[in-house]
Amino acid sequence: MLQTVSEPRADGAAGSVAGAQLAAYRFMLKARLLDDKFAALYRAGKIHGGVFIGKGQEALSAATGVSLKKTDVFAPLIRDAAGRLAFGEPIIDAVRTYLGSALGPMRGRDGNVHRGRPQTGLLPMISHLGAMISVVNGVLFARRMKGISGSVGVASLGEGATSTGAFHEALNQAAVEKLPLILVVANNHYAYSTPNSRQFACADLAEKAVGYGVGSHSVDGTDLAACLATLTEAVGNARAGHGPQLVVANLLRLCGHGEHDDASYIDPKLKKSPLGRDCLKVAEDFLVEEKIADAAQLAVWRSETIREIEDAVAIVQREPAPDPFAEKWCAIASVHLGETHE
Amino acid sequence: MLQTVSEPRADGAAGSVAGAQLAAYRFMLKARLLDDKFAALYRAGKIHGGVFIGKGQEALSAATGVSLKKTDVFAPLIRDAAGRLAFGEPIIDAVRTYLGSALGPMRGRDGNVHRGRPQTGLLPMISHLGAMISVVNGVLFARRMKGISGSVGVASLGEGATSTGAFHEALNQAAVEKLPLILVVANNHYAYSTPNSRQFACADLAEKAVGYGVGSHSVDGTDLAACLATLTEAVGNARAGHGPQLVVANLLRLCGHGEHDDASYIDPKLKKSPLGRDCLKVAEDFLVEEKIADAAQLAVWRSETIREIEDAVAIVQREPAPDPFAEKWCAIASVHLGETHE
Amino acid sequence: MSITYLDAIREAQAHALRADPRVFIYGQDVGAFGGAFKATKNLAVEFPGRVLDAPISEDAMIGLAVGAAIEGLRPIIEMQFADFSTVGFNQIVNQAATLFWRTNVSCPIIVRLPFGGTSGGGPFHSQCIEAIYAHYPGLVVLTPATVEDAYSMLIEAVAIDDPVIFCEHKFLYRHLKAEKLPSEALPVGKARIARVGRDLTIVAYSAMVHEALEAATELATEGWQIEVVDLRSVKPLDTDTVIASVARTGKLLCVGEAWPWGGVTAEVIARVASEGYGLLDAPPQRLNAKDTPVPYHPNLWTAHRPTARAVATAARKILRQ
Amino acid sequence: MSITYLDAIREAQAHALRADPRVFIYGQDVGAFGGAFKATKNLAVEFPGRVLDAPISEDAMIGLAVGAAIEGLRPIIEMQFADFSTVGFNQIVNQAATLFWRTNVSCPIIVRLPFGGTSGGGPFHSQCIEAIYAHYPGLVVLTPATVEDAYSMLIEAVAIDDPVIFCEHKFLYRHLKAEKLPSEALPVGKARIARVGRDLTIVAYSAMVHEALEAATELATEGWQIEVVDLRSVKPLDTDTVIASVARTGKLLCVGEAWPWGGVTAEVIARVASEGYGLLDAPPQRLNAKDTPVPYHPNLWTAHRPTARAVATAARKILRQ
Ligand SMILES: Cc1ncc(C[n+]2csc(CCOP(=O)(O)OP(=O)(O)O)c2C)c(N)n1
Ligand SMILES: Cc1ncc(C[n+]2csc(CCOP(=O)(O)OP(=O)(O)O)c2C)c(N)n1
Ligand SMILES: [Mg+2]
Ligand SMILES: [Mg+2]
């Protein structure tokens, strides 16, 4: 019997393994189509600034998102549309941020991937790579101090960002505090154009874990089922009090660094290797093969999702742009301490 | 037959193992007595600012210094009087810097442990922990670019400083560039008052090496012979082109963080453990036992060294202090680009 | 009983920990040891689990504070020396300082910076870097000059919903004493007339207030009545109080211990020149540290930073115009 | 043929690599890829082994440059965006900037900072942080506004024996074009009269020079003759040229794209107020970006930064006094 789920569930509690795979797949699909839409809007000149998508990384990202509970903490990075959706970010938040709508979570003040809602545990990334990890630590640390137990936090990272001092300080900090942090590294073998050979010299990034005294997990990032199993384990370990977990997924990004980039620097051999598989296609084949979904159902979801995205874009395109005259131009909450001088 | 060496040799080529041990011991002794002198001057109120000594860490430091050639690069840290002397820093440079003499290498502009002569490969530390490692990388990188081969570089560090982002970025950078860097970490179990349990969570800092893809060495830092053997190996590996080497020595500092500090926070159990041995005493016993030196000879060296230090202090105390009116107050070399405005 | 500036900072933190369960302290050696300067002495014992040693990771220390603030706590981060905040700089200016503006979620953290020169401090334990924080939007930058202000402004800082850079002058730590802690205070954001005069306004902040006051005393013997304004907060900067003083005196000297280029003194003079132009009857002047690293040797150091004597000399030049 | 500001920067680097074997380039993606902005396009091929990709380690990148400079080389470090230099900040301001003063060994490194706002850049890809570098002693901070200056100042920067913070405006990269590269140039440290006038001096730098020039053109239609001074270098700052201009016009407006507190405009006004006080016949004014992070949406961004229109409005206010 096919399992059908009308809305993908964004909840770590998602019953069966197959149910979780299906839910994750649907977030992958949604993310892929949403990213495609942003890329199209970019080509049409409708986006201010860059567009950064997660093509090829959806399995890892979705698996991360579905492994979390809504009450957990998540600091996604630029290729995490799938994880964001799975964690509960509505499509319209993404669209509003990319289009700069005054009604979006960033109100036109910040754009594209720099969105989030700290109140809901979804941290809005700053651009400086590695900088969000210690912020996740802080939330987890505070929860422990407040006596709230059971929640975990994920910070996403690319392999390039493991070279930052911020990554190191934060992972060590989490280890010292034994925080329930899961650090998910998408090793897509390039940081912008820079190949791993110019980024690090260890054989496998997962080997870093021992030097921090944290749990270590490696996974094939093109394989949704594997990603789900790994993330479930890592999140479970963290939730069970076993301290930080480092997850390293091997994969490729199947797109440019941003939509302005043709990624011609990516080694064709890598593209042709198993790493170059499209995780969405792999997941679809898997679902069909395992009889979790059939092709007709996949087609329905695809067209439903496209409609959902188009609807969101249509709504946002009619929304007001931010009004500079309504802007108070005060960077602090304590209005009485704002500088009046210009 | 006793080997006698009138002046300790500061040269990695130092013939026999015993010869190297003897040479290193004499730098240890010199450093200990020099540090004692600074501590005494501090208590007498003769020093501006703090005094930071290396009591208990001389074996590691001296072993590091004697393992290097004069043409190598060395970035010592605050507890490296022994290594500095072994690398060739004259006693008078230390005294002049502590007393702020205008004739010292820092001309009174910088003080105490912040001394060096970049032209001779002795880099003057800035206070920010971890910051010197990448500077050593730069010198090594430049030498390679200039076609100069065969030199290596050492950066010293405390275990506390392994928590800095600078440490991580620099060690990774050295690994990616396969530079002949030897990173010598003195794990004295405290960073100021902070015990290792609040600093890192891995079992042994040497385990960090695998995550960087660099060589790894652990050593008992209270044992001069062991330190020499380890440093010789690590320096040899680096010089042979095997890339960066991480050396971690276990020891205790037998003094305060600075001379203002009574170090009452140090766990008495640690002090009573083998880590709490005084490496100078251990080395003396070893030399005597191995018949490399006898007690009488040790006593001679001690009194000779005390005289040498007293002479240096006496000279420096008669030297001119820096003259603020002679000071040009220009922070840049391009005088024509100096700001004339105040 | 006499209370030092340092005691005041300790007491303010004790008060904050006592009064507000959301407050905690995180910094190198702040726990059992009580901090490099003893500003948290005994607090770890008095408030178990709320005064914690941090690893030597300034970037992560600030990041953690931001996360804790998001979660509703009120962290106080002690930097061992202000100079070391440069390695936590990015988290301060780009993470903490932008959070509220970007997300409407406030970021009430305090970063305590033991700053300023002391004899023998040298280039990396003496810096006055308030201006680099004040330059960035999103931060409140406080510079108490008195025992009373150290206490009351730190307590008030804990209540501020924004990141506060709290610049404590190391030279004042043990040097400055008061009889008792204040029960009331000017609010943060208001400058204080530290001495009333009519011939010249000297604007200063932190340790320089005392050099200015000493200079004013000296100049009084020559018949000059110098008004000294203690800024207290460099961001926001109380332009109104400064301009009102200049309106009374017609002359302005601004004294800072920081480097000259773009420092507090530049900002003050630019404001007065723009907004209080007609009030000046002589060119406004600045007195800053020299534009070099802070020297180690006391001979150089006392020439590098403005002293009462240098302030008096600069003041005389203006007064004689 | 037409050469962009970006081409000029590439050509200057090619020239430096060709002329001086001590020069090398190190930065993220600068190698085969030619840099995020293509400022090093083809250089890795033309100069094998001398244009190298760095890991995402800004602190270590600067540290490496300092070490290489000690060893006699002349590194050029590209930051991918100026905004990311905050994580290399400590090595710039405390390592590179203090080396010469402490040791008498010079530190000739160049840190190239693609800086300034572009539409859609947002809070972390738009910053103008020249002032934080200018505040520290030991650095030279350059802000070329023209294709010609981008070329000649970068070439001259390579010859400077000190750390140079080279601020290249991203908005000008492809926007600004010239017919050919210059064969001669004003030396670094000298400001340039970009337009001659007699009614008001507008001091600007980098992209704001063009807003000022556009405003001057507009104001000319109203009969005003505006003099525009392009600072070119913000540290050192050519006070003489500024004051000489103010001596001619009697009025000063200073325009910067950076945040107001302690920016270049504060420094310029403070200097003119102190040293050229008698020359002014109206209060000197500043026009800066707003004191908030740089907004993403173009509607907000154009209100956040000074534009030609805003410059003209501010100028009219002064002119009508
Ligand atoms: C500290 C810092 N330096 C540089 C950048 C510019 N930058 C943005 S993305 C990127 C590459 C990131 O590579 P990686 O971490 O592997 O993530 P990926 O893009 O491959 O997902 C760089 C260098 C940055 N954002 N932050
Ligand atoms: C970046 C930075 N943060 C803080 C300090 C202040 N500080 C100076 S020494 C020290 C402790 C260093 O401990 P460790 O690295 O273990 O060296 P040890 O003193 O034990 O030899 C600290 C925190 C500093 N110098 N640099
Ligand atoms: Mg990558
Ligand atoms: Mg230690």
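By convention in this document, chain letters (A, B, ...) are assigned in the order of the sequence lines, proteins followed by strands, and residues within each chain are numbered from 1. Since we're looking at a predicted model, the values are computed, not measured.
- Only the side chain of Met145(B) comes within contact range of chain D, with at least one heavy atom under 4.5 Å from a heavy atom of that chain.
- The backbone N or O of Leu237(D) sits less than 3.5 Å from a side-chain atom of Glu339(B), completing a donor-acceptor pair.
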Stepwise side-chain contact (heavy atoms from CB on, under 4.5 Å) check, Val105(D) with Arg117(B): CA-CA 9 Å; Val105(D) 169; Arg117(B) 296 188 181 266; over 6 Å; no

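- Residues Leu52(D) and Phe141(B) form a side-chain contact, since some pair of their non-hydrogen atoms from C-beta on lies under 4.5 Å apart.
- Under 4.0 Å is where a charged nitrogen must lie from a carboxylate oxygen, and between Glu71(D) and Arg144(B) no such pair does.
- Interface remark: Val87(D) contributes no atoms to any contact with chain B (heavy atom separation under 4.5 Å).
- Between the NZ atom of Lys328(B) and the CH2 atom of Trp101(D) there is a distance of 12.5 Å, given to the nearest 0.5 Å.
- Heavy atoms closer than 4.5 Å to chain B are found in both the backbone and the side chain of Gln95(D).
- Within the 4.5 angstrom heavy-atom criterion, atoms from both the backbone and the side chain of Pro137(D) approach chain B.
- Summarising the geometry of Ile126(B) relative to Arg102(D), their closest heavy-atom pair is CG2-NH1, 3.5 Å, with the distance given to 0.1 Å.
- Interface check for chain B: of the options Asn90(D), Val188(D), Leu139(D), Ile160(D), the most heavy-atom pairs under 4.5 Å are formed by Asn90(D).
- Proximity of a side-chain donor or acceptor of Gln173(B) to a complementary backbone N or O of Leu64(D) within less than 3.5 Å is not detected.
- For Ile148(B), the part sitting under 4.5 Å from any heavy atom of chain D is the side chain, from C-beta outward, and nothing else.
- Contact count against chain D (heavy-atom pairs under 4.5 Å) is highest for Ser134(B) among Pro105(B), Ser134(B), Gly153(B).
- Most heavy-atom pairs under 4.5 Å with chain B: of the set Thr98(D), Asn104(D), Val66(D), Val140(D), this distinction falls to Asn104(D).
- Each of Met132(B), Glu177(B), Arg115(B) has some count of heavy-atom pairs under 4.5 Å with chain D, and the biggest count is that of Met132(B).
- With chain D as the partner, the residue from Ala75(B), Ala142(B), Gly121(B) showing the most heavy-atom pairs under 4.5 Å is Ala142(B).
- Across Gly165(B), Ala131(B), Ala170(B), the residue that shares the most heavy-atom pairs under 4.5 angstrom with chain D is Ala131(B).
- Annotation: Lys190(D), atom NZ; neighbour count of heavy atoms from other residues, nucleotides and ligands within 6.0 Å does not exceed 12.
- Defined by atom type and a distance below 3.5 Å, a donor-acceptor pair is missing between the side-chain atoms of Ser334(B) and Asp161(D).
- Among the candidates Met106(B), Arg107(B), His114(B), His336(B), the residue making the largest number of heavy-atom pairs closer than 4.5 Å to chain D is Arg107(B).
- Looking at Leu123(B), the atoms closer than 4.5 Å to chain D (heavy atoms on both sides) all sit in the side chain, from C-beta outward.
- Taken from OG in Ser106(D) to CD1 in Ile332(B), the straight-line distance is 11.5 Å, to the nearest 0.5 Å.
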Intermediate values then yes/no, side-chain contact (heavy atoms from CB on, under 4.5 Å), Asp162(D) and Leu337(B): CA-CA 10 Å; Asp162(D) 293 290; Leu337(B) 296 178; 5.7 Å; no

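- The residue among Leu73(D), Ile56(D), Ile62(D), Asp238(D) with the most heavy atom pairs within less than 4.5 Å of chain B is Leu73(D).
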